[in-house]
Amino acid sequence: QMQKSMEKSMKKAVIYESGTGFTKQYAQWISEELHCDCVNRKKISKKEMLNYDKIIYGGWIFGGQIMGLKEIREVISPFAVFAVGCSPSNFEEVVNQIKIMNSVGLENQTPFFYFEGGLHFKQLGFFKKFILKAIKKVVNQKIEKTRQEEFMAKNLATDFDNSDRTQIKDLVDFCKNNLE
């Protein structure tokens, strides 16, 4: 009996790419809620990806790009996409910019969810640290700053964690309503 119901159920996975651990944490939380596999994109072959009926993809944001999304799309069209960045999730202008730059969450497009993570500055490599410090310096020199620039001036090149499991609710509800 159990075997028959298992065969009928859809094979799904959360595949992610994480820079310093925030995206991995969200991917794990989502896979726990959806009772599905959780796999690092760099540890799965294209062939293995095709064994799944539905993939939820999550990547971290760098320069407005969702890391790894391009590579995933070369293999499979994700059922839903989430991105984790350090900007607060209520910064609609940032979230909209990410949607546009990555062609997600727009009309007739892959559903998109943004989660606020944080920054493990000490874990970054020299080049990324250098870039963030340079951006912070430029932003700090501006007299009139946007809300996003104020946030960047204060938080770039620091360590902070604003990740929160409750942020996954909308994505989990969407998947439960559309995957079962």
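- The environment of K42 atom NZ is sparse: at most 12 non-hydrogen atoms of other residues, nucleotides or ligands sit within 6.0 angstrom.
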Would you give me the side-chain donor-acceptor pairs under 3.5 Å for residues 62-74, sequence neighbours excluded?
residue: R73; atom: NH1; partner: N102; partner atom: O; Å: 2.9
residue: R73; atom: NH2; partner: N102; partner atom: O; Å: 3.1
residue: R73; atom: NH2; partner: S103; partner atom: O; Å: 3.0

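- Atom-to-atom distance recorded for T110:OG1 and I55:CD1 is 12.0 Å, nearest 0.5 angstrom.
- Among F113, F115, F112, the single residue meeting the ring pair (Phe, Tyr, Trp, His ring centres under 6.0 Å) criterion with F82 is F115.
- Applying the salt bridge (Lys or Arg N to Asp or Glu O under 4.0 Å) criterion to E93, with sequence neighbours excluded, gives R147.
- V39 and V81 end up in the same hydrophobic cluster when Ile, Leu, Val, Met, Phe, Trp and Tyr side chains are linked at under 4.5 Å.
- Interatomic distance, CD of E33 versus CD1 of I30, reported as 9.5 Å (0.5 Å rounding).
- Atom CG of residue N155 and atom NZ of residue K136 lie 7.0 Å apart, to the nearest 0.5 angstrom.
- Going from atom SG of C86 over to atom CE of M152 covers 8.0 Å, rounded to the nearest 0.5 Å.
- The two residues A27 and V14 make their nearest non-hydrogen contact at CB-CG1, 3.6 Å.
- For the atom pair OG of S31 and CD1 of I168, the computed distance is 9.0 Å after rounding to the nearest 0.5 Å.
- A ring-ring contact (aromatic ring centres under 6.0 Å, His included) check over residues 116-135, counting only residues at least two apart or in different chains, returns the pairs F22-H120.
- Between A83 and I61, the shortest heavy-atom contact is CB-CD1, 3.4 Å.
- Minimum interatomic distance between C36 and K12 (heavy atoms only, all atoms of both residues): CB-O, 3.2 Å.
- A donor and an acceptor atom, one from each side chain of Q28 and Y16, are nowhere located under 3.5 Å apart.
- Rounding to the nearest 0.5 Å places CG of N40 at 7.0 Å from CD of E17.
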